[in-house]
Amino acid sequence: MITIYGSPKSSAGRCFWTLEETGVKYENKPVDFRAKEHKSEEFLKVNPNGKVPVLTDGDYTIWESMGINLYIAEKYKPDLMGKTPEERGQVYQWSIWSIGDLQTPLIDIFIQLIFVPEDRRDLEKIEKAKAKLPDLLNIIETALEKSKYLAGAEFTMADLNTASVVHIFESINYDISSYKNINTWLNSINDRKAFHSFKALCE
């Protein structure tokens with residue numbers, strides 16, 4: 001039985017979405033951070049980093065959301081990993097880029113706007129992070145001129161993992177409406193049944 005630790009509203013969200021895409025049965029085990037359950041001896045045996053998400057699949061344990069997602073897809077719905085070595089290469093490329101390059105400035109802004117009191121926000125840090133976003137968005141916009149999805153004609157984990165980061169723009173009220181290709185791509189992804197199932201978990 002698969003167990004996913006964390007909340008669909010947290011960084012574990014992309015893993016819930018992937019589980020919904022595969023249709024595999026799973027159970028959710030919330031972790032109460034206020035009660036410091038993530039630092040408990042029991043939880044640290046599952047993830048020594050004291051973070052979510054974590055996924056257990058029988059006797060197998062894996063942490064880090066992108067690693068979890070690629071594992072789930074590889075094992076339970078391989079088509080999501082692409083059908084050729086080239087498509088699989090694109091899946092790895094976009095997954096690594098989205099969390100390593102795109103997510104970093106977004107999280108810098110998110111933390112300042114959501115968790116830091118207004119009178120203590122580091123405005124310089126916010127502006128420096130925002131300055132990086134147009135170039136990063138243009139990388140996606142240009143890629144989507146060549147194909148409907150990031151790895152080709154069909155939806156793959158390249159799209160899910162990248163879209164899970166792009167959705168952060170909405171959380172920080174950053175307007176991306178001028179990026180025509182990105183919006184067409186997002187609309188297609190957001191219409192997926194699995195995405196609606198995932199969003200319902202967040203309510």
Side-chain angles (χ1 to χ4, degrees), residues 4 6 8 10-24 51 53 55 62-110 129-172 174-199:
I4 179 76
S10 72
S11 58
R14 61 174 61 102
C15 302
F16 284 85
W17 182 3
T18 302
L19 287 165
E20 293 296 329
E21 285 284 350
T22 66
V24 67
K51 298 178 180 179
L55 181 136
I62 181 170
W63 32 263
E64 289 298 330
S65 62
M66 287 298 182
I68 291 170
N69 274 8
L70 297 175
Y71 165 76
I72 295 168
E74 181 81 43
K75 184 171 182 179
Y76 293 102
K77 198 171 182 179
D79 281 357
L80 287 173
M81 293 296 293
K83 295 180 179 179
T84 66
E86 290 76 16
E87 288 181 357
R88 291 170 67 86
Q90 291 298 299
V91 167
Y92 289 118
Q93 170 190 284
W94 287 104
S95 298
I96 293 168
W97 177 84
S98 63
I99 198 167
D101 288 68
L102 181 60
Q103 183 168 283
T104 300
L106 287 173
I107 292 301
D108 284 344
I109 298 168
F110 183 85
K130 283 186 175 180
K132 298 175 182 178
L133 300 180
D135 286 344
L136 294 168
L137 284 165
N138 281 325
I139 290 172
I140 306 174
E141 183 76 1
T142 301
L144 292 170
E145 290 177 356
K146 304 172 186 175
S147 57
K148 182 178 180 180
Y149 295 107
L150 291 173
E154 298 183 12
F155 176 86
T156 66
M157 293 304 296
D159 303 292
L160 189 155
N161 286 337
T162 304
S164 73
V165 177
V166 173
H167 282 131
I168 300 172
F169 280 96
E170 183 177 354
S171 300
I172 62 171
Y174 187 98
D175 184 11
I176 61 170
S177 61
S178 62
Y179 297 88
K180 180 181 176 182
N181 297 333
I182 291 176
N183 281 277
T184 299
W185 168 75
L186 275 180
N187 288 337
S188 176
I189 291 171
N190 292 349
D191 280 342
R192 296 180 67 81
K193 181 180 178 180
F195 182 73
H196 286 288
S197 297
F198 155 62
K199 292 300 289 183

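Every value quoted in this text rests on a predicted model; they were computed, and no experiment measured them.
Relative ring orientation between Phe198 and Trp17 is described as parallel, the plane-to-plane angle staying below 30° on a 0-90° scale split at 30° and 60°.
For residues 87-105, the set of pairs meeting the salt bridge (Lys or Arg N to Asp or Glu O under 4.0 Å) definition, not counting sequence neighbours, comprises Glu74-Arg88. Note on residues 153-171: pairs passing salt bridge (Lys or Arg N to Asp or Glu O under 4.0 Å), not counting sequence neighbours, are Lys83-Glu154.
Here OG of Ser171 is found 11.5 Å from CD1 of Ile109. Values are rounded to the nearest 0.5 Å. Once rounded to the nearest 0.5 Å, the distance linking CG of Asn181 with CD of Glu145 reads 5.5 Å. Interatomic distance, CG of Leu136 versus CG of Leu102, reported as 5.5 Å (0.5 Å rounding). The line from CD1 of Ile172 to CG of Leu133 is 6.0 Å long, rounded to the nearest 0.5 Å. Here the CG-NZ distance, from Leu106 to Lys132, works out to 11.0 Å after rounding to the nearest 0.5 Å. Atom CD1 of Ile189 and atom CZ of Phe155 lie 5.5 Å apart (nearest 0.5 Å).
Side-chain atoms of Ser188 do not come within 3.5 Å of backbone N or O of Trp185 as any donor-acceptor pair. For the pair Glu141 (side chain) and Lys180 (backbone), a donor-acceptor distance under 3.5 Å is present. In this structure, the side chain of Asn190 does not engage the main chain of Phe195 through any donor-acceptor pair within 3.5 Å. A donor-acceptor contact shorter than 3.5 Å links the side chain of Lys77 to the backbone of Glu21.
For Ala12 against Pro53, the heavy-atom pair with the smallest separation is CB-CB, 3.4 Å. Across Leu150 and Ala143, no two heavy atoms sit closer than the pair CD2-CB, 4.1 Å. When all heavy atoms of Thr104 and Ile99 are compared, the pair lying nearest together is OG1-O, 4.0 Å. Contact record, Ala73 with Leu80: CB-CB, 4.0 Å, taken as the closest heavy-atom pair. In terms of heavy atoms, Ser10 sits closest to Gly6 at OG-C, 4.5 Å.
Looking only at atom types and distance, the side chain of Asn161 has no donor-acceptor partner in the side chain of Ser98 under 3.5 Å away.
In this structure, the side chains of Ile176 and Val166 come closer than 4.5 Å at one or more pairs of heavy atoms. Counting only heavy atoms from C-beta outward, the side chains of Met66 and Arg14 approach each other to under 4.5 Å. Using a 4.5 Å heavy-atom threshold, the side chains of Ser95 and Asn69 count as separate. Within the 4.5 Å cutoff, side-chain heavy atoms of Leu186 are placed close to those of His167.
By the side-chain hydrogen bond (donor to acceptor under 3.5 Å, both in side chains) test, Asp175 pairs with Ser177, sequence neighbours left out. With sequence neighbours left out, Tyr174 forms a ring pair (Phe, Tyr, Trp, His ring centres under 6.0 Å) with Phe169. Judged as a ring pair (Phe, Tyr, Trp, His ring centres under 6.0 Å), and not counting sequence neighbours, the contacts of Trp97 are Trp94. By the side-chain hydrogen bond (donor to acceptor under 3.5 Å, both in side chains) test, Thr156 pairs with no residue at all, sequence neighbours left out.
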